[in-house]
Amino acid sequence: ITTNSIVGPVVLGGHGWGAPSAVMAANGAPANTNLTGIILHDPMLGMGYGMLPPNGADNRLPTVTYISNEYEKKGTRYGARTIHVQGTKHGHFEDAMRKRIRLP
């Protein structure tokens with residue numbers, strides 16, 4: 001990501017296994033990029049090999065995490081704010097996207 005390749009502010013997002021990738025990409029981006037935050041949904045934060053905060057990396061961006069009932073029970077928390085969306089399951093996010101972009 002370079003400052004001249006993106007116009008306007010950028011927020012990275014990730015769901016499930018995509019969450020660690022979003023966090024690591026944000027933390028690895030140069031400080032002069034247009035990244036302004038991270039939004040995660042049910043993050044699978046067990047991977048990262050020490051590159052995810054608090055295990056050696058500094059998360060310099062505001063991060064909001066939305067979690068389903070399953071992830072609430074696991075105690076998943078990440079970022080400045082974690083919001084439990086009551087009555088949801090991990091797959092609900094995927095189902096909503098399929099309907100939105102008309103996938104089978």
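- Residue pairs that meet the salt bridge (charged side-chain N to carboxylate O under 4.0 Å, His left out) test with at least one member in residues 73-85, sequence neighbours left out, are Glu72-Arg77.
- Between Ser68 and Thr88 the shortest heavy-atom distance is CA-OG1, 3.2 Å.
- Tyr66 is connected to Val11 through a chain of hydrophobic side-chain contacts under 4.5 Å among Ile, Leu, Val, Met, Phe, Trp and Tyr, so both are in one cluster.
- Judged by distance alone, the side chain of Thr36 and the main-chain N or O of Val10 form a donor-acceptor pair under 3.5 Å.
- One distance of note links CD1 of Ile38 with CG of Asn27; it measures 6.0 Å at 0.5 Å rounding.
- For the pair Thr63 (side chain) and Leu61 (backbone), a donor-acceptor distance under 3.5 Å is present.
- Checked against side-chain hydrogen bond (donor to acceptor under 3.5 Å, both in side chains), Thr82 has no partners two or more places apart in sequence or in another chain.
- Hydrophobic clustering (ILVMFWY, side-chain heavy atoms < 4.5 Å, transitive): Ile39 and Tyr78 are in distinct clusters.
- The backbone N or O of Gly87 lies less than 3.5 Å from a partner atom in the side chain of Asn69, making a donor-acceptor pair.
- The two atoms that bring Ala26 and Leu35 nearest to each other are CA-CD1, 3.9 Å, heavy atoms only.
- Summarising the geometry of Glu70 relative to Lys89, their closest heavy-atom pair is OE1-CA, 3.1 Å, with the distance given to 0.1 Å.
- Heavy atoms only, all atoms of each residue included: Ile67 and Asp42 are closest at CA-OD1, 3.2 Å.
- The two residues Pro43 and Thr76 make their nearest non-hydrogen contact at CG-CG2, 3.9 Å.
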